[in-house]
Amino acid sequence: MLFEIFDPKAAPRPVGIDLGTTNSLVAYVKNDKPFAISNCDGEVLLPSVVAYDDDEIVVGTVAKKHAFERPSDTIVSVKRFVGRGADDAETRRLGPYHFVAPAPGEPNVVRFRVGGGRVVNPVEVSAEILRELKSRAEDELGRVGGVVITVPAYFDDAQRQATKDAGRLAGLDVLRLLNEPTAAALAYGLDKNSSGHFAVYDLGGGTFDITTLLLDDGVFQVKSTGGDSALGGDDMDRALAEDMLCALGWMEAEKARPHSLTPHPRLSPAVVRLVLDKAREVKHALTSRDAVEVQVPLSTGGEQHLTVTRGRFEELIAPLLERTGVACRRALRDAGLEASQLDGVILVGGSTRVPAVRAYVERIFGRAPLADIDAEQVVAYGAAIQADLLAGSGPRQDVLLLDVLPLSLGIEVGGGVVDKILPRNTTIPVGARGSYTTQEDNQTGFEIHVVQGERELVGDCRSLARFTLKGIPPMPAGIARLEVGFRVDADGLLSVHAKEATTGLEQTVAVKPSYGLDDAAVEQMLLEALDHGEDDLRARRVAEGRVEAGRIALATDKALAADFDLLEAGERDAIMGALGELRAAASGSDPSRITAKIDTLDAATQAFAGRRMNRAIARAISGKRVDDLSRDVAGAKGVEAHLEEHRR
């Protein structure tokens, strides 16, 4: 037997980690090739299961054995809880756990009460898995350096931040979060010998991603991304488990729904965990067999037998596959591609081992997918390659990874309208800014509301953060100038910078929302944006019209009060009538009517406005010399230029 001897003083080795829903693993690069690190039993995959006993924490294969005996103290598929809110209705359907509600003022994150009286959150549970992988890597390599951790491309800001926090909690130096589809492309070596458009179909235990990439001379540019942050092999297990329970007579068929394995007189947490485990075993067996006989032990002793066919299983998972198909078609459309224009399709994730999944992918894209590398190891391989490159030890230093934003980012402006600063599918890292001004006289602050989504109104998007820039000196409306800058780093994490130009006041915040999107929320947001596109645009026009109408009405009221003596006979009645019509239109929902009434008021006030201008000029030049007037005119032009630039 040959032993590899490592120098304890040698430089730390970079590694890549695939933190998966069902299984996780760690890999490194040796002699320019990636290798997965196994434990002392030769196992490469580490089950993503953490069991909490009264006096110890167990991770992996051993922890799985606790799931039946102590299901509430054994956290399975924790990735599905990462970034979720404690009040998310779907949260409590994902496992037989004891959830702890956050106290007033505490972050809205999921908390589990487990063995030993501990209360833990998904970040802490994920950190236990990462610690185990770190220990495995240290046993193999001696010292672990920088780490690249992969995440689903569709993970939102909260889920990415939670993953990064878990890495830090585990004592890892997280170099970067890498999208799983990009990692898979790296593992296939597409940067070295391929160019063209590729799709990565990534169906794991708890998440689904579909990504299209353009590869050109070592540049990985993501053209579009889509998917579902709560769809994967776990859902196949649940669908099959419910069907098995119905066949066994333990659940009424009409009560079976996705994720409906909730408390039931005959469904204790232990039974639920047992049937889910059996369903997973059946799913794996049906990969190579047409039928599987299942023996389910009874609490009264003995066993109950059941036969599950591949045909029945494929019938049960067909709706899940259709959900992936919707995302695939949208990703192709966003990238401006037809399926026939793709140069290859890569399979990623353990759930793509299911024959029905591979057949569905071939039908959707019209070509047999690439599956040369183990679908459960390919992402970790890519992460290891990227870690090696970032550490400066890889053979290729000219690989450039360009990912994209899954959803648009913007801020709330007048009338509850969203001004999108960074649209979805923008390549990251990226920065952009927008300029804004005050809506009221003597306004001394800006409240900045950061939102994420595709709809036109704030109420239909997701709130990410709020903060206030205070201390602005009182100025007339429209004079103060606020610049808001967005910066999204390579990990997809957002920071916002706000600065008031005339005073130099500024503030920067890292957007760290306390919870993430719920099941398929990103996909749903995109669907709603398409379904309600015309309605949203109309609502936006109404909101913007109301803001403009309010501004003009207020200015007219002030003008009438200040220079009422300039009004001619009958003019006041005409202006007040037009003003009343404008306010009535603004209370309605017809944007065209609001615009028309603004024009009517403008026509009614034109002569009055001209006389007011003449009076203002006369007052300005009274008692001044020609030289003074020249300077005032030059200054006025500068002000007008500034205002014109702001209006643009």
Side-chain angles (χ1 to χ4, degrees), residues 20-23 43 45-51 58 60-78 80 93-97 203-206 231-253 255-320 349-351 353-357 376:
T21 306
T22 306
N23 296 295
E43 298 170 335
L45 299 179
L46 174 73
S48 300
V49 182
V50 181
V58 183
T61 304
V62 177
K64 288 180 67 176
K65 299 177 181 177
H66 292 250
F68 177 70
E69 300 171 356
R70 307 182 63 175
S72 298
D73 299 330
T74 306
I75 311 300
V76 180
S77 299
V78 70
R80 302 198 76 165
R93 301 180 184 181
L94 292 177
Y97 306 118
L203 186 61
L231 172 64
D234 284 358
D235 299 281
M236 296 181 185
D237 298 342
R238 282 182 167 80
L240 181 55
E242 289 172 1
D243 193 63
M244 290 167 56
L245 287 168
C246 292
L248 292 168
W250 294 3
M251 175 185 284
E252 295 178 22
K255 294 182 179 179
R257 298 287 186 274
H259 306 321
S260 67
L261 299 179
T262 50
H264 183 280
R266 301 180 64 182
L267 296 180
S268 67
V271 169
V272 170
R273 174 51 53 197
L274 170 65
V275 177
L276 281 171
D277 288 345
K278 288 290 183 182
R280 182 167 297 176
E281 292 174 8
V282 170
K283 177 183 70 176
H284 292 166
L286 289 174
T287 298
S288 57
R289 296 161 60 182
D290 293 329
V292 176
E293 186 174 342
V294 188
Q295 292 83 37
V296 182
L298 303 175
S299 58
T300 56
E303 294 180 334
Q304 196 163 350
H305 295 259
L306 179 68
T307 299
V308 181
T309 65
R310 181 188 287 186
R312 178 55 180 165
F313 174 63
E314 293 180 349
E315 181 183 342
L316 292 170
I317 67 172
L320 302 176
S351 296
R353 294 179 184 276
V354 175
V357 173
E376 290 185 289

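Start at 1 with the first residue, then count along the sequence.
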Query raised in the report: Knowing that exactly one of Asp243, Asp237, Asp277 qualifies, which makes a salt bridge (Lys or Arg N to Asp or Glu O under 4.0 Å) with Lys283?
Result: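 Result: among Asp243, Asp237, Asp277, Asp237 is the only option passing the salt bridge (Lys or Arg N to Asp or Glu O under 4.0 Å) with Lys283.
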At their closest point, which heavy atom of [X] faces which heavy atom of [Y], and how far apart are they?
| X | Y | result |
| --- | --- | --- |
| Phe313 | Val354 | CE2-CG1, 3.8 Å |
| Lys278 | Val294 | CD-CG1, 4.2 Å |
| Leu276 | Ala241 | CD2-CB, 3.9 Å |
| Ala247 | Leu306 | CB-CD1, 3.6 Å |
| Gly204 | Ser351 | O-OG, 2.9 Å |
| Arg70 | Thr74 | O-OG1, 3.0 Å |

Query raised in the report: Taking the side chain from Ser48 and the backbone from Gly20, do they hold a donor-acceptor pair closer than 3.5 Å?
Result: yes
Query raised in the report: Counting only N and O atoms by type, is there a donor-acceptor contact under 3.5 Å from the side chain of Arg310 to the main-chain atoms of Thr287?
Result: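 Between the backbone of Thr287 and the side chain of Arg310 there is a qualifying donor-acceptor contact (under 3.5 Å).
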Under a 4.5 Å cut-off applied to non-hydrogen side-chain atoms, are [X] and [Y] in contact?
| X | Y | answer |
| --- | --- | --- |
| Val58 | Val50 | no |
| Val308 | Leu240 | yes |
| Met236 | Val357 | yes |

Straight-line distance of [X] [atom1] to [Y] [atom2], nearest 0.5 Å:
| X | Y | atom1 | atom2 | value |
| --- | --- | --- | --- | --- |
| Asp73 | His66 | CG | NE2 | 10.0 Å |
| Met244 | Gln304 | CE | CD | 10.0 Å |
| Asp235 | Leu316 | CG | CG | 12.5 Å |

Residue list, side chain to side chain contact (heavy atoms under 4.5 Å, CB included) with [X], at least two apart or on another chain:
| X | answer |
| --- | --- |
| Pro319 | none |
| Ala291 | Thr307, Thr309 |
| Thr22 | Asp234, Arg280 |

